[in-house]
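Per chain, numbering begins at 1; letters A, B, ... match sequence-line order.
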Protein chains: 2
Amino acid sequence: MSNRDDIVSKLKASGVTPTTQRVEIAQILFARPQHLSAEQILKMVNQESSSTASKATIYNTLGLFAKKGLVKEVIVDPSKVFYDSNVSKHFHFYNIDSGELTDIPADAIHIDKLPNLPQGTESSGLEVIVRIKNS
Amino acid sequence: MSNRDDIVSKLKASGVTPTTQRVEIAQILFARPQHLSAEQILKMVNQESSSTASKATIYNTLGLFAKKGLVKEVIVDPSKVFYDSNVSKHFHFYNIDSGELTDIPADAIHIDKLPNLPQGTESSGLEVIVRIKNS
DNA sequence: TTATCCTGTTAGACAAAGTCTAGAAAACAA
DNA sequence: TTGTTTTCTAGACTTTGTCTAACAGGATAA
Ligand SMILES: [Mn+2]
Ligand SMILES: [Mn+2]
Ligand SMILES: [Zn+2]
Ligand SMILES: [Zn+2]
């Protein structure tokens with residue numbers, strides 16, 4: 001998924017017009033499963049890449065990707081959102097000392113008995129976060 | 001737990017000097033199990049109360065209460081932290097449409113098989129968030 | 001071709017949450 | 001009381017993220 005044509009196809013398949021900026025951002029994100037903040041992506045686009053993108057475009061694009069299901073927002077740190085390029089079911093360790101976010105495979109946690117949702121609502125995602133600290 | 005003396009005892013028991021401002025904030029928080037943001041508490045202290053407190057004191061106090069285990073920070077909304085006056089084990093629904101945070105009793109979810117923690121780390125809390133939306 | 005339209009990008013102003021600083025006020029100890 | 005420490009405070013500051021209004025550039029119509 002690091003090939004430029006694959007990225008373009010992936011965006012098209014999700015109904016996202018593959019502009020220069022979006023393809024740049026997607027190439028960074030989809031190079032491998034990872035957790036990046038908007039600020040990190042902004043820096044990466046404007047350092048390692050040929051083309052550039054503004055802050056507004058970074059946020060617009062990440063919001064669009066999230067809406068289209070291409071990335072998942074992970075909210076574990078009050079100071080910034082992480083964008084996760086792995087959208088398959090999995091959970092997270094969050095190291096509160098280092099700020100490091102790491103994956104827990106879906107099959108490493110088993111949840112039986114989920115509660116009934118409140119009236120008039122439907123599920124929009126299940127999150128499990130194991131906060132850890134250095135010992 | 002709405003009695004002023006009880007609040008003072010509770011703070012002392014946790015090693016927190018019961019100053020005027022801390023007792024005010026604690027009275028609001030511990031009146032019942034609830035989820036409040038720093039801004040909400042700031043407003044409540046300066047409207048419904050005899051004494052007042054500054055923004056810095058609200059944040060200092062909430063940080064202190066969290067460190068002493070009197071409240072639990074709940075991070076589900078990227079724009080603000082919720083302070084939970086219920087520190088016993090339980091989980092949360094977060095309605096992304098309304099911003100409402102509600103409790104899931106501990107016994108409504110059963111998790112067996114928790115993953116091994118990464119080397120050199122220890123657990124600091126397990127969070128389960130069921131994101132919901134209005135249907 | 002040229003005008004018009006539409007979508008996306010942009011700089012930078014703006015908003016909101018939270019942190020920090022330096023001085024004032026309380027609380028405390030002797 | 002006097003000296004010492006802790007707490008409180010206003011407001012400047014930082015950071016993340018949003019908004020606006022202008023602009024670019026490709027598609028399309030005439
Ligand atoms: Mn924020
Ligand atoms: Mn509960
Ligand atoms: Zn992940
Ligand atoms: Zn709760």
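The neighbour count for Lys113(B) NZ, taken as heavy atoms of other residues, nucleotides or ligands under 6.0 Å away, is above 12.
Ala106(A) and Phe91(A) make their closest contact through O-CE1, 3.9 Å (heavy atoms, listed as atom of the first residue, atom of the second, distance). Taking both residues in full, the closest heavy atoms of Val71(A) and Ser85(A) are given as CG1-CA, 4.5 Å, listed atom of the first, atom of the second, then distance.
Using a 4.0 Å heavy-atom criterion, one finds that Ser51(B) contacts no nucleic acid atom at all.
dT10(C) atom P lies 11 Å from atom CD of Glu24(A), rounded to whole Å. If you measure from atom CG of Leu11(A) to atom P of dT7(C), you get 18 Å, rounded to the nearest angstrom. In this structure, CD of Gln21(A) is placed 12 Å from P of dG26(D), rounded to the nearest angstrom. Between the CZ atom of Arg22(B) and the P atom of dT6(D) there is a distance of 11 Å, rounded to whole Å. Computed from coordinates, the Lys43(B) NZ to dA16(C) C1' distance equals 11 Å when rounded to whole Å. Between the P atom of dG8(C) and the CD1 atom of Ile58(A) lies a distance of 16 Å, rounded to the nearest Å. Straight-line distance from the CG atom of Leu42(B) to the P atom of dC8(D): 14 Å, rounded to whole Å. Taking atom CG on Leu62(A) and atom P on dT16(D), their separation rounds to 14 Å, with Å as the unit.
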Side chain to side chain contact (heavy atoms under 4.5 Å, CB included) assessment of Asp84(B) paired with Asp103(B):
CA-CA 10 Å; Asp84(B) 193 340; Asp103(B) 284 345; 4.2 Å; yes

Indicate for each nucleotide in nucleotides 18-30 of chain C, in 5' to 3' sequence, whether protein heavy atoms under 4.0 Å reach the base (B), only the sugar-phosphate (S), or nothing (-).
BBB----------

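Nearest to the side-chain atoms of Ser54(A) among the listed nucleotides dT9(D), dC8(D), dA11(C) stands dA11(C).
Between Thr57(B) and dT9(D), a side-chain N or O to OP1/OP2 separation shorter than 4.0 Å is present.
A perpendicular orientation is assigned to the rings of Phe82(A) and His35(A), their planes being inclined by more than 60° (bins at 30° and 60°).
Remark: Ile104(B) CD1 to Ile109(B) CD1 distance equals 4.5 Å, nearest 0.5 Å.
At distances below 3.5 Å, at least one donor-acceptor pair connects side-chain atoms of Gln34(B) with backbone N or O atoms of Leu29(B).
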